[in-house]
Amino acid sequence: TVGEIPRPEGPGALALVTGFLLTLAFFLAVAAAALAFLPATVARLCEVATALPGRALLMGFLGLATLAGLVPVSAMTLVGLPLLPVVVLLIIAGWTLGYLLGAYVIARQILAQVQGKTPGTGASLAALAGALVVLALLNFIPVLGWILNLAVVFLGLGAIALALMARVTAGTEGAAA
């Protein structure tokens, strides 16, 4: 009909698959770099997440809420306004690293249960790739999918927050002694 505005088409299937594969490659590259350069830190974060999963989920929620709360606080102050992009980057980095660590912890735990021993780096990365694919597919389940993905972010971010809190409190106790 006359005057009808054509609807723009969304991205094609090839673009979606390419985007997914690039995201998966990025996550695996970050994980490989962390395992290569910070193996002790990653192992400690995994221990925290597996030993205290409930506390890690709660601290992840509080940590993400704190980071999100920094946006309006930064926007209201003259000093914080120029730092607003840094705060947004912190939120993105926290979300990404939390998601990656949470997926890694879950994948590693499942693999350890199946193998009966602690998996090596290569097996852990392969399990992480599988976990990331499963988590991506979970997003297609309405409501439940994004809740489970958010729980993975909370688990990883909470483990990071708990490890940072333990390090800070250990530093203040050592300084007081």
Result block: side-chain N/O donor-acceptor pairs under 3.5 angstrom for residues 105-116, not counting sequence neighbours:
unit_1: Arg108; atom_1: NH1; unit_2: Tyr104; atom_2: OH; d: 3.2

Return all side-chain donor-acceptor pairs below 3.5 angstrom for residues 23-41, not counting sequence neighbours, or 'none' if the list is empty.
unit_1: Thr23; atom_1: OG1; unit_2: Gly19; atom_2: O; d: 2.8

Contacts under 3.5 angstrom, residues 144-156 side chains, donor-acceptor by atom type, not counting sequence neighbours:
unit_1: Trp146; atom_1: NE1; unit_2: Val143; atom_2: O; d: 3.4
unit_1: Asn149; atom_1: OD1; unit_2: Tyr99; atom_2: OH; d: 3.0
unit_1: Asn149; atom_1: ND2; unit_2: Leu135; atom_2: O; d: 3.1
unit_1: Asn149; atom_1: ND2; unit_2: Asn139; atom_2: OD1; d: 2.9
unit_1: Asn149; atom_1: ND2; unit_2: Gly145; atom_2: O; d: 2.9

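Linking Ile, Leu, Val, Met, Phe, Trp and Tyr residues whenever their side-chain heavy atoms come within less than 4.5 Å leaves Leu22 and Leu16 in two separate clusters. Leu138 and Val133 end up in the same hydrophobic cluster when Ile, Leu, Val, Met, Phe, Trp and Tyr side chains are linked at under 4.5 Å. Leu81 and Val86 end up in different hydrophobic clusters when Ile, Leu, Val, Met, Phe, Trp and Tyr side chains are linked at under 4.5 Å. Hydrophobic clustering of Ile, Leu, Val, Met, Phe, Trp and Tyr side chains at less than 4.5 Å, counting indirect connections, keeps Phe61 apart from Leu90. Under a hydrophobic-cluster definition in which Ile, Leu, Val, Met, Phe, Trp and Tyr are linked whenever side-chain heavy atoms come within less than 4.5 Å, directly or via other members, Val79 and Met76 are assigned to different clusters.
Sorted by first and then second residue, the side-chain hydrogen bond (donor to acceptor under 3.5 Å, both in side chains) pairs involving residues 118-129 (not counting sequence neighbours) form an empty list. Screening residues 46-74 for side-chain hydrogen bond (donor to acceptor under 3.5 Å, both in side chains), with sequence neighbours left out, gives no hits. Every pair tested for ring-ring contact (aromatic ring centres under 6.0 Å, His included) that includes a residue from residues 40-59 fails, sequence neighbours excluded, so the list is empty. For the ring-ring contact (aromatic ring centres under 6.0 Å, His included) condition, no pair includes a residue of residues 105-143, sequence neighbours left out. Residue pairs meeting the ring-ring contact (aromatic ring centres under 6.0 Å, His included) criterion with at least one member in residues 67-96, sequence neighbours excluded, do not occur.
In this view, Leu164 and Ile160 satisfy the side-chain contact (heavy atoms from CB on, under 4.5 Å) rule, not counting sequence neighbours. The side-chain contact (heavy atoms from CB on, under 4.5 Å) test applied to Pro82 returns no partner, not counting sequence neighbours. In terms of the side-chain contact (heavy atoms from CB on, under 4.5 Å) criterion, residue partners of Val71 (sequence neighbours excluded) are, by chain and number, Leu84, Val87, Ile91. Remark: Leu62 pairs with Leu58, Met59 by the side-chain contact (heavy atoms from CB on, under 4.5 Å) rule, at least two apart or across chains.
Between Ala49 and Ala159, the shortest heavy-atom distance links the atoms CB-CB, 3.8 Å.
Separation of atoms CG (Leu67) and CG (Leu89) is listed at 12.0 Å; rounding is to 0.5 Å. From Leu97, atom CG reaches atom CD1 of Ile92 across 11.5 Å, with rounding to the nearest 0.5 Å.
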